[in-house]
Every structure is written in C-alpha cells, then in structure tokens.
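Encoded as structure tokens, the structure appears first; notes follow it.
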Amino acid sequence: MTTSSTALSIATSDPASQPGLATGINIQGLTKRFDLGRKSVQALSEVNLGTKKDSFLSLLGPSGCGKSTILRILAGLETPSTGTVVVNGKSAAEVQKSHETGIAFQDSALLPWRTVKKNIQLPLEVSGITPPPGLVDDLIDLVGLKGFENAKPAQLSGGMRQRVSIARCLAVQPTIMLLDEPFGALDDMTRQRMNVELLRIWGEKPATTLMVTHGIAEAVFLSDVVAVMSARPGRIAEVVEIDLPRPRLPELQRTPEFHAYVDRISEILFGAHGAAAGDD
Amino acid sequence: MTTSSTALSIATSDPASQPGLATGINIQGLTKRFDLGRKSVQALSEVNLGTKKDSFLSLLGPSGCGKSTILRILAGLETPSTGTVVVNGKSAAEVQKSHETGIAFQDSALLPWRTVKKNIQLPLEVSGITPPPGLVDDLIDLVGLKGFENAKPAQLSGGMRQRVSIARCLAVQPTIMLLDEPFGALDDMTRQRMNVELLRIWGEKPATTLMVTHGIAEAVFLSDVVAVMSARPGRIAEVVEIDLPRPRLPELQRTPEFHAYVDRISEILFGAHGAAAGDD
Amino acid sequence: MTDLRQQSEQASIEHELGDSVGLGLETGGKGRERRTLLGALHGMPPWVGAIIGIVVILVAWQIVSVTFYPKTQSIPQPALVGKQLFYDLFQTGVYWNAIAKTGGAALWGYLWGNLIALFLAFLVLVQPWFEGLSTQLAVVCSCIPLTAIAPIVTLLAPAGSRNTSIFLAALSVIFTTVVGTILGLRAASETQIDVIRAYGGGRMTQLFKVRLIAALPSILAALKLAAPAAFLGAVLGEYFVLGVDSGIGILLLAAQATGASVRLWAIALISAGVAGAAYFLIGRIGRLLTPWSAGDARAGEGF
Amino acid sequence: MATSTPTPRAGLRARAAMNASIEMPTGAGWRYVAGRIGRSLFTLLISAVVLTVAWYVALKLLDANAFIAKTPLDVVKYLFVKNPLMTMSPADIRHTLWNLLLVTLYHAGIGFVGGVVGSVIVSVLFTLIRPLEFMFMPLAMLLRTVPLLAMAPVIYLVLGQGAATAGFIGGVVVFFPLLVNLTLGFRSVSAQSVDLIRVYGGNRWTIMTKVAFPNALPHFFASMRIAVPGALTGAMLYEWLFTFQGLGGVISQAKTNSNYGQIWAIVVLITVVAIVFYTITTFIEAAVLAKWGPNAGKAVTK
Amino acid sequence: SSGTSGSSTSASAGAAVKAGAYGTIALQLSWIKNIEFAGEYFATEKGYYTKAGFKGVTLLAGGGQTGAEEALLAGQALVGLSSPSITAPSVLQGAALKIIASTYQKNPFCLLSLQEKTPIKTLADLKGKTIGVQSGGNETIVKGFLAANNLTNDVKLVTTQYSIAPLEAGKYDAHMSYTTNEPLEAKADGFTPVVLTLADNGLPFVAETYTVTQDTIDNKRDLLKAFLVAEIKGWTDAVKDPEQAAKYAVTKYGKDQNLAQAEQVEEMNAQNALMLTDDVNKNGLMTMTDELIAENIKSLGLMGTKITADKLFDMSLIKEVYKENPDLITTFTIPSA
Ligand SMILES: Nc1ncnc2c1ncn2[C@@H]1O[C@H](COP(=O)(O)OP(=O)(O)OP(=O)(O)O)[C@@H](O)[C@H]1O
Ligand SMILES: Nc1ncnc2c1ncn2[C@@H]1O[C@H](COP(=O)(O)OP(=O)(O)OP(=O)(O)O)[C@@H](O)[C@H]1O
Ligand SMILES: Cc1ncc(C[n+]2csc(CCO)c2C)c(N)n1
Ligand SMILES: [Mg+2]
Ligand SMILES: [Mg+2]
C-alpha cells in the first residue's frame, strides 16, 4: 500500500483500517473495467482512498488514468466492478436520492434548449428544492454572466458554458461536491477568481469535495488533501495533505510553503524516484 | 490604434499600412455581430492584426472576448460582418480549397463512429491526400495513444480525445494551423510534451499558425507573436513580439527573458494601466 | 483595478439578449458567396423555390394532358381542374362539409392513434423490455390488410358511424409515431442524462427534463408524417363505412362511379390540400416548439 | 500558476502505461448474438400470445357475428381441419396461400427497393441542393397526400399494370416517410463535424458522405422499420387495385365468396410475415449501428 | 289504380297495423345514395313507410367495400339490397339469407367497348380480346359470362376500376360496366359506346335484390310484407316520374355528392329498362317468375356457385303481398332498349 511519508490526519490511503479518516469519501478496493462488447478496458485497478467529512480532495494524474471514472462512480453514474464507495456515510444511490450533490462535468453538459438561468435551475427542479430568492441570480453574477441569463448555450463561448456548469453545481448548495476539471476552459484570471469564490462558498458551507484537475497549484491552493494517481490502469500513487491555513487568500500562492507543496506533488507526478514503482 | 511600445518586425496591428508585416495572417477592420432573431451580439469590434508568413501567433484574452470567433473566421466558418481576412495571401474560401489548413477546435469534435485512427485520417480523406506511409501511426504515437488506434471516442477520456484532435490537425501537414485551446484538457505533463512536439513539428515544416490559449507561459514559449485581446466586444489590446531564440527548449522557461515576457503579458491582461482604455 | 476582464463582467448584450427564437441563423458560413449556379440557387428564398416547383409541375401536367389525353380528360388540364376546384369550393357548400366530416374523423383517429402510439413508446421507456412487444404491436397496426379488417370494424360499429374512418386513421398513424418516438427518446446524449441522474433524478425526471425534450424533434417529425396519413386513412375508411352520406371518400366514390374525371381530380387535389395543410401545420408547430434540434443549436439546419 | 513547468523526467507517467491497449476478445461474441436472437424470439412469442388473446377477447366482448369474425381457433381450423363447406383440402389451402404469399412478397420486394432507392436519392438531393427541396417537396407531398384509390386509373394509364406499378405503389407508401426521416437524419449532423469537414476543404458532398450518412444511420434504420411493413401494405394495395394476384388480390375474391376463413388466414399470414421481416431488420440495425452508429463503441455497463 | 298520390288505397297487408308498430328499421342500400334508390326516396317522402306501420326506415348508404350481407348478419340492417351473385356464395358458406324480391329483372352488367377503338358487338367479336374487370364480385360475374359462352380461354381479364379512362386510352378492349352508367360516360366523352349486355348473352340474373335473414322471414313476416308494400308504392311512383326521382336524389338524399340532375334522369330511364318487363306488368314490380329464378340458378352455376332455388329465393312474401293488394300491380310502358 502506498502511503505518504508524513502521517495523515484527515485522509488515508487505507480506509479499511482507518475508518475515522474516511468519514467523507470512503473508497475501498475499487476497480473498474469497461466492457465493450467483446473487448474490455481496465480503467481502475484497486483504488483505496478516504477523506474526512467536509474536506476538500483534489485528484491529480495523467490523462486517461481514471480520474473521471472515480468521480462518476462517486456520483453513482457508473457502477464499480468490485469494491465499495461511500460518501458522507451514504452509498452512491443514497447520495443521489438525498439531493445533496453538486456536480460539474468535464464537458459542460448543458441542455441546449434551456437558457443559462434555466440550466442553473435544473438541479433545483430535479431535487424539488425551492431556492432562496435571488440565489440563481447571485450565482449568475458570481460566474460573471450577468446579462446572459436568457442566452442559450449555443450563444456562449466555451469558457462561458463552463461557468454556467459551475453555477449549476452550486445551485443546490451541496454537501457533496464533485468537480471534473471545472476550470479547464477558463482563462487564468477567471479561473483565479472562480477558485477564490469557490473557496469562499466552500468556507461558508463546507462540503465533502472531490475535484479532478490538472492544475497542481490550483489543487494545492484549494485542497485539504491531494491524491495523485498513476497511469492507467489507475490507482492512487500518493496522498498528500495540504496543511496550509484557511481561509486561503491568493497571496498564499506566493509563500514558500505553498511552493514546497507544488514542488513535492510535481515530483510525485513527474519525478524520477517513482512512488509508483513501490506500488507494483 | 493600439500599438506595443516596442517596434514590431514580424507583426503589426495596422496591416493596412504595413502589408509587409501581414504576409501570413492579415486581418483588417474585422467586426463580427451575431444576429439572433431580433437581437444581436457584437462579438468583435474592429480587429486589425497582421503577422508574417510562417510565424506563430497566440491569441490571449478573457473568456468570451471573441478569440474563437476570430479563429473561425480565419477558417472560413464564419463570415465577417465587415472587414477582410487573408491568410498566406489567400481568402478564407481559397484556403479551404487548398487543403492546407490544420485545425483543432475547443471541443475535440471527433466523429463518434470512427476509430481513433480513422478520425485522424479524416482530413486526409477529405483533402484526397495520400499520407506518407507510417504518418498516421507516428501521429498516434506522438500523442501517446498507441494501443488505442481502434478505440472509438466514447471509450476515451477527455484528455485522450483532445489528443486525437491534435493528431488530426497535424495529419495534413498544414501550412496554416488554427488551434483553439488545443491543450486545455491536458494534464501539465502531456501538455508540456505536446508543446515541445508541436514546436518540433512546426520547426521542421513551418506553418502560419494561430493558437488560442489561456496559458500565458505556453503562449510565450510557443509564439513569435502574442496578441492580447480585450473583453467583449473584442479587439486587439496589444501585440507583443516574443523575441526569444529558436529552437526553444523547455529550459527556456526558466530564463529571466521568458519570465519578463510572461510578466509583461500578465500585466497587459490583468494590470491596472489598462491598454484597452487607450483604444476607445 | 480596471483590467480587461472587468469590462467583460460589465458588458451585456446589445439589444438585450432574451429568449432566442431562431438560433444560429447566421452561423456555419451559410452566407458565403458562391458565384456558381448552385450558389445562386442556394441564395434564393424558399418561396421562390416553391413557386418555381409549382410552375414546373403545372407545365408538365399541362403538357401530358394535352399531348396524351386531349379528348378524354383522363388526365384533365390543370386549368379545368382549377376551375372545377374553384367552383366546387366556392359555389357549393358540399366540399366544405365533406372536408369537415372527413377531417373530423381524421382528427379523432389522429388523436387516438397518436395517444396509443405514445403510450406504446413510453412503455418502452419505463420498461425497455417492452420494446419488442410495443413495436411488434405497432407493426401489426401498420401492415394488417385494411381491405380485410375495415369491413369488420364497420360491422362492429353502430350503423352510420364514422368509426371505420377513425379506426383506419388511427391505424395509419400508430406505427410511424411509435418508431419516431422510440427513436426520439434515445436522442438525448448520455451526458445530458448524467446531469439528471447525478442530481438524483429518477426515470421520470430524466423523461420530462431531458428525454422528452430531446425527443421532440423526432416525435414532431413523426406527428407531421402522421397527419396526412390520418387524413388518407379517414378517406379510405369512407370506402368501407355503411350509412355515411358525406365525406371526401364518398365524393371520390361518386366521382369515380360517374366518370367525372375533372371533378375527381379536383377532389383529389382538395384531399391533398387538406392533408398537406395538416402536414405543414404540424411542421410549423414543431419548428416553434423546437428551435434547437437534437442537442446541437445548429443541428437541424442542415449544412 | 498551474502552467509552471517542471522538467519532464521519467516519472509516474511511464510510457508503458500509455501503450497499454484495450484488452482483446473475451470470446463472448457469438454468445452475445445468440442471446440477442433468443431474446427476440422470446418477445415474438409473447407478442403472439398477447395478440391472439386480444383478438379473441375483442371478438367475444364485441359479440361479433361468428360468420364474419373468425377467432384464432377458426383460423387454425381453416388451415388444418377439413371443412365440408370448402372444396379444397387444408393442405391445398395452405399450399395456395403459400404461393399467393410468394407473389405478394415479390411485389413487396419491388416496392421496397423502389421506395428505398427513390427516397435515398431524393433525400440526398434535397439535402445537398436545398432549393430542390423547396421546389419538389410539394410534389413529393402530393404523392403522399393524394388518395391512391382515386388516382389508380391514372396510374394504370401511365404505368400499366406490371412491375412498374408495383414499384410505384409500394414506393409511394414507403417513399414519403423515408424521405422525411432521412432528410431529418441528414440535417441533424453536428455543427462541429460540419465545420471540420469545411475547414479541410470538403464540399457538401464530402459532408454528406463523411458525416451525414453515418449520422443518419439511426434515422435510416428507423425508416427501414417503417419501410418493411410499408412495402407489404403497398404490395397488398397494388394487388387489390391492379391485379387479381397475390394475397391482396385474393382478399376481394374471398370477400365476394364470403370466404371469411381465408380472409382471416391472410390477415394472420401477412401480420406474421411482416413481424418476421421487421425483426430481421432490427437485427441488421443492431449489428450495423454497433459498428457504425454515432453510439458506436459506447460501453455496455452492467 | 296505383297510388300516384299514395294516399287513397289502404294497402297494408291483412289486418290494419297501429301507426309505428313496426318501429324503425334499417335498409342497407347497395351504393351511396343516388338515383338507384329512387323508390326508397318516394316511399320516405310520400309517407309509404309510415303508412305501412313503420316509425321510419333508415336508408343506410352502402359503399364500395362492405356488403349488405355482412350488414344483415351483423344486425346493422334488417333488409339489404344486393345481388344473387353475392348473396348465393354467402348462403353456401352457411349464412342463413334469402332473397325475397328483386327490383331489377335484368342485371345491369354489360361489356362496354368503343366504336372508335375495337367495337365488340357480338360474342364472336370477343375472341382474343382483353376485358378490364373490377376485382371482387365483378370478376366472378365475368368469368361466369365467359363460361356461359365457352370463351374462358379466349379472353384475357385485367384488373381495372370503375373509371373507363383505360378503355378510352386503349389499354384493353372492353370494360365491365353498368348499362345505366358507363355507356353514358363514354358518350359524354365523345365516343360511340358499343354495349354487349350479359343478361341478353347467356348470363341472365337479377339485381338489386331484397335480401333478409331467414330469422326475419320466420319471425317478422308481417313486417317484411308491410315493408314490401311501401317499397312497391315508392318504386311505382319513381318509375313514373324520373324527373322527381332525380330531384330527390340530387337535392336531398344524394346532396353530399353534388349529383347532376340531367345525368340522374338519364340513369333513371336506363334503370327503368332493367325493371320493367311484361312479367312485371303482369305480376307486379319486384316479382320474379319461376323461369327467371331458374335462369338465375343456372347463371350462378356458371359463376361457380352451385345452389338450389329454395336455398336462395323465397318469393312467397311478395306473392302474398300482391295477392292481398292486387291494386298494387301497375301496368307500365316498357321502354324500348
Ligand atoms: N453562434 C453564436 N451565436 C451568438 N453569439 C455567439 C455565437 N458564437 C459566439 N457568440 C458570442 O460571441 C462572443 C465571443 O465568443 P467566442 O466563442 O469567440 O469567445 P472566446 O474568446 O473564444 O471565449 P472562450 O475563451 O470562453 O472560449 C461571446 O460573447 C458569445 O456569446
Ligand atoms: N465509457 C467508457 N468506455 C470504455 N472505456 C472507457 C469509458 N470511459 C473511460 N474509459 C477508459 O477508462 C480510462 C480512464 O478514463 P477517465 O475518463 O476516467 O480518465 P481521466 O483520468 O478522467 O482522463 P482525462 O484527464 O483525460 O479526462 C481511459 O483509458 C478510457 O479509455
Ligand atoms: C361494372 C360496375 N360499374 C360500376 C359499379 C359501381 N356502381 C355501383 S352502383 C353504381 C351507380 C349506378 O347507378 C355504380 C357505378 C359496379 N359495381 N360495377
Ligand atoms: Mg476526465
Ligand atoms: Mg473559445
């Protein structure tokens, strides 16, 4: 079993033996194989991961290593081939039913026939939640789309669509957030602002969060825990706790502690002393 | 007219009066207004931009400022509302007919019923070009998808799909390359490798290139010229020539010159002394 | 901080961007000039095309009529038919009554048939296992020999009722609508469904929020096809009914039996007109309801 | 910033991992196909039972006259038990029906081919040259909206009574739904795919072959589903209006002879045949779409 | 003394019936409402049905494809207008039906050819020719006709509809027609019609026959007789007044078909020629002599329907009607063909 060199206090790569550290996300012995008629692809080989409730976990790893797959399994959109997945003490099916999940997909997945506003309202309609007045407008404002409330997705640029999908994710004021490269299509400035806003929202109403990203700095800036995955068939190479004070302000990114984390994770991802080797 | 403080030698923001600096891309008085029934959106207001043939131009700017729109107009996919667009001395229609353009869209736009290999071959089939033997396999290798030749897009991760679309762009060995955030969905490592490879290929067979990106460092690393756009309705805020030696190696990114460029462009994009203000 | 972004935040759309009718009109290089003949053709507005088409048809008809059947009027000249049409429609009330009667039966058949069809299709949605059964029932509806089954319906219905017309109209639409609807209910993309699933939406929510809407273009295409089919079914039904005195089918029967070929053509055209009008009406409604198509703003606009 | 660039070294991303490919056959191919066929046969059986029961119950509920309305049992008797009122033996009856069916299938085949080929060509032309659609859609509409019953003599005048007319009648029944569905299929191509082909210098025809055809495959097969029973209906109509042949021709004959047993047997026969051909169509559809359709390669998640 | 006014003679069969005692019955016509049912229109208009004890008689238009026999068996009508060529096969298949009277003494079928194309004046002319026949009932009839004249192997049959356009275009040589109908059309189109009637060329049988179920005969004999009385009165009026008959058809009963008055008058006259014979003048309208019945049985045999007279015809009712109401027998002027 791969473990980080420092002792973990809010996450674990062995949730089976440390259930206390897996009150939020709790992934045990998870594997996933896709069957394609006669062929099959092993996407995940034995993933074990736990985080405490209301902690912010980022998933980093090479393209195609299975990050989205893990996220989809947590969201109950894909069934594990083997293993179990529990979030906030609930199974994926229960999580779905409880209407507490916010999700943003790698592609924005907007409904083309709905306006920006209506797209953001969709999860509320599905869950039957009446939002506090002004919430949706505030969200539109938050993602910088004021004036586009009634635009259809086809009239938006790629980045604008992605922002709609982030607003949609936040609409249910979730206790579980699943974000798949939500800021991938954004320019640095918007991305930075969205990060700060995300942190603010998350700080106000914490949620057990899993974010897939390929921005190391972003992951460090936002997360309590960063899990680094190795290439396909994916598994967790290392779990790194980010012990930086909160609330985190943009200035944090210029501190040496921050850079140390970025460097360390870069090394895990790209470094020569492959942690992965110890994994086989 | 906005001009950068330093004299320009391979690009111009006034191609009308400096045709010699607009032998590659030549955009004059370009505006674009989208009509939506009774309403309309002004996406571009008066864009002027020229680059020399075979130079590498990057377009930076806030989300929704019209970057993709310019690229689509250059590709002949959108008609200008006013103004003219010429690339390598040819109109957009002529460019299309000459089968010399390579393009990668912001979303991968793969044909779901074609395998990876067949998707990459598509431009060749369309242009009626017989590729040198091994070209397609080399491209698959280049983007790290060996073994997935016969996979269908639905079987790929987001990043893998994007890589297929980059390989497809390169298949025709284009003299004009139009890249819309081609590396947006890639992890840093792959992205870095793709950048280096792109530079190598471009070095071997130069092409007049326009790349839309939101990575400032990436833009500086790859480009001869970086054009920074201001927010919608979009126009060119500033044109910056990147006078760094070629071939460029990854190490370049750690030089002070490189950082100076990154800082300067960041300042144009985010800085207080808005260049955009001078434009009105 | 007056950076470039800031403006993007403030900028809102000129003329205020609201609900968007007619998306993507200006996209896709449609406006590109082409100096070819084809380009010229593409440039002309639809109604010019329609008029050219009608003129071409009328001229061809006239030529066939006068060269091959100058005497017998087996294929009567368009002008004669036009005159008859005008006379029949505006000098007598007979035809309007017939249109109303047959149209009424067609409408009922259309409603019933489509209700049944939608029901069969939705069964599939609720329980995919039903697909075989639903479509096979629909196949039976479409291919059951009408000449055999229609008299039975007539005899089971009260004398003088138009049930046979309603029945045949219904039979004529069931199959197309079932196939169209099942096709449409699969049109939603996996990611669109995923959004609903992730938020705990069940089958019904998926159905109403995504599948149904994504299915609309396809369902409406089927409903459009069904409209003329229903009318023709109702006309055919009048060849089997007992105790019914009025209707387009009755008029056809009478015109055929009395060898009134000009009138026959006029009635056939009236019938075509009604069926065509129904087709275009449903088509219009469809366009209004689904300005987007299968998930892509510019899809449905062709290329 | 995320774009800070560490030097690539041999790390987690071992090239080997990227070279891993999709694992190959688990040998379930044939079992999969057999399973599909088995399931179809099962639904066929269920449908048969449902239809038979519905038929029986409907007649009983409506209290239909037994002379006219035959029950499933009557049909079985007609086909297999000697009836003193009939001059023919059951074996002869079955043989006659079989031969009539072959004739009808021949006519249906002509109509099917005529309708499918015609509609594919016309929908391609309509899609490629949009104005043609505006010009000739009314004519295509007319074919579908004029009662064939009324125009039968004219069709006879122009086309006579042979294969041309069979093709025409079958074609008309099949043509229009196909035309509409195919045109819809061709139109619903994704804009990005069209853009892609355009950029590479493809013309409308290239878009047609590379994008629109594969994209329209589901619509094409939906049309096929309509065309197959439609061709049978068309053949019956043709035989009724223009010939004394086939099952369609013999129905009028049977009616004058009050041979209701035969009429119901024909109804059953045509229905069964249509369902069988329909099912075969769905097999082909499944096979082709799995390989070529827009959902090709989509995972079978269990 | 016929009831031109229809008021004088109390003609009800036997004992007087209370008004409306027979209730409302339905008569299934053999075609949509045109001049062919002129007698029924008169019976309705002049109140003959009500006088006979009916609340009313519903005239059910017939159509192309559903037969009167079926309507009778399904209970939609009590009496149906049909033809022995259709009723007889039903009886053979086990339907308990009987013909109780016949409007036409001769069937209206003829082979129509055109002087300008290939005129077929005699049976001999038929050899090697092609006849257009409507599928269904008429096909059986033509085959019987050919069998009667040993022409089965010398003539080719092709399917056609009622329209004579294919004949006029020369697609075939002769068209299976109604004498009341298609020859007039050919004339209107500028051709010279040549007519070869089936009735006079080996296939005599009656048409527009009144068919009922055996059950009705057994249980509602009085009703049927009362009905026949009204029919006879109606037809007597109609035969005498083609103009008024046509007017009823055009302005009231067939108003939904946009019929032409002159055309309907012409058809009425042609129809009269089929109804009126010396036998009718002697025995009354709608009667059938034994010889006529025998001829019918023979013709049916030629059409492939082997049936006996007692299984198909029951003339006892109409005979009783005339016996009880001898004043219903009218002497008409027989039109010359
Ligand atoms: N087809 C269209 N119809 C209407 N408006 C459009 C259309 N395409 C783009 N726009 C509008 O034009 C503006 C510029 O869009 P464009 O896609 O060029 O932005 P971008 O700079 O590429 O942004 P991003 O970085 O987010 O991709 C946006 O405000 C968008 O709403
Ligand atoms: N529906 C599917 N059918 C078949 N294979 C699939 C499917 N989805 C994912 N895979 C495979 O599973 C592996 C992991 O995919 P996943 O999308 O989870 O990667 P990822 O880590 O999110 O990559 P990226 O960063 O590029 O988005 C890939 O090799 C992919 O080919
Ligand atoms: C040969 C022939 N011609 C016409 C008809 C149809 N038909 C039945 S009644 C009627 C009107 C005559 O008044 C007509 C035209 C037929 N059955 N057979
Ligand atoms: Mg992913
Ligand atoms: Mg863009």
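In what follows, chains are A, B, ... by sequence order, proteins preceding strands, each numbered from 1.
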Got a donor-acceptor contact below 3.5 angstrom from the Thr233(D) side chain to the Ser142(C) backbone?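 Pair found, side chain donor or acceptor close to backbone of Ser142(C).
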Interchain contact, [X] with chain C, by part (heavy-atom threshold 4.5 Å):
{"X": "Ser252(D)", "value": "neither"}
{"X": "Val180(D)", "value": "side chain"}
{"X": "Leu44(D)", "value": "both"}
{"X": "Val146(D)", "value": "both"}

What part of [X] lies closer than 4.5 angstrom to a heavy atom of chain D: side chain, backbone, both or neither?
{"X": "Val140(C)", "value": "both"}
{"X": "Ala255(C)", "value": "neither"}
{"X": "Gln136(C)", "value": "both"}
{"X": "Phe175(C)", "value": "side chain"}
{"X": "Phe130(C)", "value": "neither"}
{"X": "Ile270(C)", "value": "neither"}

Run the side chain to side chain contact (heavy atoms under 4.5 Å, CB included) check on Ile52(C) and Phe136(D) step by step: do they pass? CA-CA 9 Å; Ile52(C) 293 177; Phe136(D) 295 110; over 6 Å; no
Taking [options] one by one, which has the highest count of heavy-atom pairs under 4.5 Å against chain D?
{"options": "Pro145(C), Gly132(C), Ala138(C)", "result": "Pro145(C)"}
{"options": "Gly53(C), Gly276(C), Ala272(C), Ala222(C)", "result": "Ala272(C)"}
{"options": "Tyr239(C), Phe280(C), Phe231(C), Trp129(C)", "result": "Tyr239(C)"}

If you look at every heavy atom in [X] and [Y], which pair is closest and at what distance?
{"X": "Leu232(C)", "Y": "Thr145(D)", "result": "CD2-O, 3.4 Å"}
{"X": "Ser218(C)", "Y": "Leu184(D)", "result": "CA-CD2, 4.4 Å"}
{"X": "Pro218(D)", "Y": "Leu183(C)", "result": "O-CD1, 3.9 Å"}
{"X": "Ala150(D)", "Y": "Gln256(C)", "result": "CA-NE2, 3.5 Å"}
{"X": "Thr147(C)", "Y": "Lys255(D)", "result": "O-CD, 4.0 Å"}

Above 12 or not: heavy atoms from other molecules or residues under 6.0 Å from CZ of Phe277(D)? no
Would one find more than 12 heavy atoms of other residues, nucleotides or ligands at under 6.0 Å from atom CZ of Phe283(D)? yes
Which distance, rounded to the nearest 0.5 Å, do you find between the [atom1] of [X] and the [atom2] of [Y]?
{"X": "Ile263(D)", "Y": "Ile152(C)", "atom1": "CD1", "atom2": "CD1", "value": "7.0 Å"}
{"X": "Asn181(D)", "Y": "Leu225(C)", "atom1": "CG", "atom2": "CG", "value": "6.0 Å"}
{"X": "Ile149(C)", "Y": "Ile270(D)", "atom1": "CD1", "atom2": "CD1", "value": "13.0 Å"}
{"X": "Leu59(D)", "Y": "Leu156(C)", "atom1": "CG", "atom2": "CG", "value": "7.5 Å"}
{"X": "Ile54(C)", "Y": "Met135(D)", "atom1": "CD1", "atom2": "CE", "value": "11.5 Å"}

Are Leu133(C) and Thr43(D) close enough, and set up right, to give a side chain to side chain contact (heavy atoms under 4.5 Å, CB included), and what steps lead you there? CA-CA 6 Å; Leu133(C) 189 62; Thr43(D) 42; 5.8 Å; no
Take Val154(D) and Trp265(C) through the side chain to side chain contact (heavy atoms under 4.5 Å, CB included) test and state the conclusion after the steps. CA-CA 10 Å; Val154(D) 179; Trp265(C) 279 70; 3.6 Å; yes
Going by heavy atoms in the side chains, are [X] and [Y] under 4.5 Å from each other?
{"X": "Leu149(D)", "Y": "Leu252(C)", "result": "no"}
{"X": "Thr135(C)", "Y": "Arg225(D)", "result": "yes"}
{"X": "Val158(D)", "Y": "Ile75(C)", "result": "yes"}

What verdict does the side chain to side chain contact (heavy atoms under 4.5 Å, CB included) test give for Leu51(D) and Leu137(C), after you've listed the backbone C-alpha separation in whole Å, the side-chain angles of each residue and the deciding distance to 0.1 Å? CA-CA 8 Å; Leu51(D) 279 169; Leu137(C) 285 176; 3.4 Å; yes
Classify the angle between the aromatic ring planes of Phe176(D) and Tyr279(C) as parallel (below 30°), tilted (30 to 60°) or perpendicular (above 60°). tilted
